[in-house]
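Worksheet for the structure shown next.
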Amino acid sequence: MSIRKIPHPDSGLILRDAARRVDLSSRRSFLRHALGLGALTMLTGCDVVDGQSAEQMLSKVSDFNDRVQAWLLNPQRLAPEYPESMITRPFPFNSFYTPNSADKAPRIDPADWLLNVTGKVENTQDWTLERLSSLPQFTQITRHVCIEGWSAIGKFTGIRFSDFLRAVGADLNAKYVTFRCDDHYVTSIDMASALHPQTQLTLGFDGGVLPREHGFPLKLRIPTKLGFKNPKHIGEIEIGDEFTGGFWETYGYNWFSGL
Amino acid sequence: MAHSKPVHPAIVRLTHWVNAAAIMVMIASGLAIHNAHPTLPFAVPPAMTFGLGFIGGLRWHFAAMWVLAANFILMMLYGLASGRFRRKFLPLAPAEVLQTLGDALRGKLAHADLSAYNGVQKLFYMGVLAAIALAILSGLAIWKPVQLQIFTLAFGDFDRARLVHFCAMAAIFLFLLVHVAMALLTPRTIAAMIRGR
């Protein structure tokens, strides 16, 4: 008997939002700011008569950048690892919600917690924390690079994500892996990056249990991508061929965001 | 006169203005990104970012970079292959730079022959080309610190590469201030860069 929890009452809403890429009010404000740069777009050969076309041009370039980065990704090239002495302590906290305060991080009871696995997988059985913890784990000391420009070196322990995908019988030829989180964050990654040997379902941090502010009980550590592609408090993992975008991607962050 | 060779061939003029536009967008959008986590002890005024904001800054920066890089490669290939850089920038003796500086301080700024550069001009033009190359290389180092980790390593580490990227921008920015001021003082140079003569 498998108990399906109803993890995110409004995850559908978030996804619809994600699919729309840029909501209207932020698009308007973006356009207002972008108008002064209309001159550059002449260089691209686009017929730019208003900010809307400039925004479309930028979205096209961002899609092009996704393809360039997918091409540039060497599935075997490892992110540099660092000695213990270089670990950043305290490790910075950063949230997608405002104010940027760990007080707003969800409080999750490990006894109640379940991980849902959905989409193109053979085994959609839910995972308890206990069952998940029984899988083999490894530790990495890698640099977390934020899109804002700061970076920090941290020590993460968890399951090789490719092991997990094989354990659930995921279709490894599917295009995307989507993460829906218990703090209502959503993001998605390409399958090639998901299968990278350093991509990790993280349960432990700096020698202890993953703390609440860094995503208890489960986060994704993917050192080949920017920080916002490392979701915390994961509640559902979906494998599929349909592009699902993500929270920040909706506002214009580049989707692939590889390092 | 109409049939004489232009001071600046069409390819030089084209790449100059494309470069000028791309550099302006890269600096303004880069400063918008900078403000999310300033390298300077303060955020630069929004006016210098064209009011792009952080996300707008990111989107413009990662679009204009292609224009800047492609155009810069074209500019360098032409300058090196045609021998133009060698003819215009070399030889460069320190005495020549000091001579020009001395003249400038005494108010004797002359630019009668637009096809020949004085010592300071040679130094500045070679310097800004080097600064743009450095900005591109350090940009690659912080854009792809895993896939292109050799670049990041060449600058030391991620933070060092980020600092180099900022300093290269600052050098280009300072060049721009002097370059535009000098051009405005001698409007004939602007005409030459538009019409060729």
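None of the values given here were measured: they were computed from a predicted structure. Quick note on labels: first sequence line is chain A, next is B, and so on, each numbered from 1.
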Could you tell me whether [X] atom [atom1] has more than 12 heavy atoms of other residues or ligands within 6.0 Å of it?
{"X": "Arg13(B)", "atom1": "CZ", "value": "yes"}
{"X": "Phe89(B)", "atom1": "CZ", "value": "yes"}
{"X": "Lys175(A)", "atom1": "NZ", "value": "no"}
{"X": "Ile150(B)", "atom1": "CD1", "value": "no"}

How many angstroms lie between [atom1] in [X] and [atom2] in [Y], if you round to the nearest 0.5 Å?
{"X": "Ile147(A)", "Y": "Ile33(B)", "atom1": "CD1", "atom2": "CD1", "answer": "8.0 Å"}
{"X": "Trp248(A)", "Y": "Leu58(B)", "atom1": "CH2", "atom2": "CG", "answer": "10.5 Å"}
{"X": "Gln69(A)", "Y": "Lys144(B)", "atom1": "CD", "atom2": "NZ", "answer": "4.0 Å"}

Fill in: Region of Phe62(B) that comes under 4.5 Å of a non-hydrogen atom in chain A
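For Phe62(B), backbone and side chain are both near chain A.
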Worksheet item: Any side-chain donor paired with an acceptor under 3.5 Å for Arg162(B) and Ser151(A)?
Response: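 Not at all, the side chains of Arg162(B) and Ser151(A) share no donor-acceptor pair under 3.5 Å.
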Fill in: Trp66(B)-Asn65(A) side chain donor-acceptor pair, cut-off 3.5 Å
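There is such a pair (donor and acceptor under 3.5 Å, judged by atom type) between the side chains of Trp66(B) and Asn65(A).
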Worksheet item: Heavy-atom distance under 4.5 Å to chain B: side chain of Leu226(A), backbone, both or neither?
Response: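 Neither part, no heavy atoms under 4.5 Å.
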Item to complete: Could you tell me which non-hydrogen atom of Phe158(B) sits nearest to which non-hydrogen atom of Gly149(A), and how far apart they are?
Response: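 Residues Phe158(B) and Gly149(A), closest heavy atoms: CE2-O, 3.7 Å.
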Worksheet item: Shortest non-hydrogen contact from Thr224(A) to Val146(B)?
Response: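 Closest approach of Thr224(A) to Val146(B): CG2-CG1, 4.2 Å.
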Worksheet entry | Within residues 152-161 of chain A, residues adjacent to chain B where the heavy-atom gap is under 4.5 Å |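 Counting heavy atoms that sit under 4.5 Å from chain B, no residue of residues 152-161 of chain A is involved.
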Practice prompt. For chain B, find its close neighbours in residues 89-101 of chain A: heavy-atom separation under 4.5 Å, sorted by number, or none.
Written response: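 From residues 89-101 of chain A, none sit under 4.5 Å of chain B.
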Practice prompt. Answer yes or no: is there a donor N or O on one side and an acceptor on the other, between the side chain of Gln147(B) and the main chain of Asn74(A), under 3.5 Å?
Written response: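 Yes, Gln147(B) side chain to Asn74(A) backbone: donor-acceptor pair under 3.5 Å.
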Mind checking whether [X] and [Y] have side chains closer than 4.5 Å, heavy atoms only?
{"X": "Arg59(B)", "Y": "Tyr253(A)", "result": "no"}
{"X": "Arg143(A)", "Y": "Asp157(B)", "result": "yes"}
{"X": "Gln149(B)", "Y": "Pro80(A)", "result": "yes"}

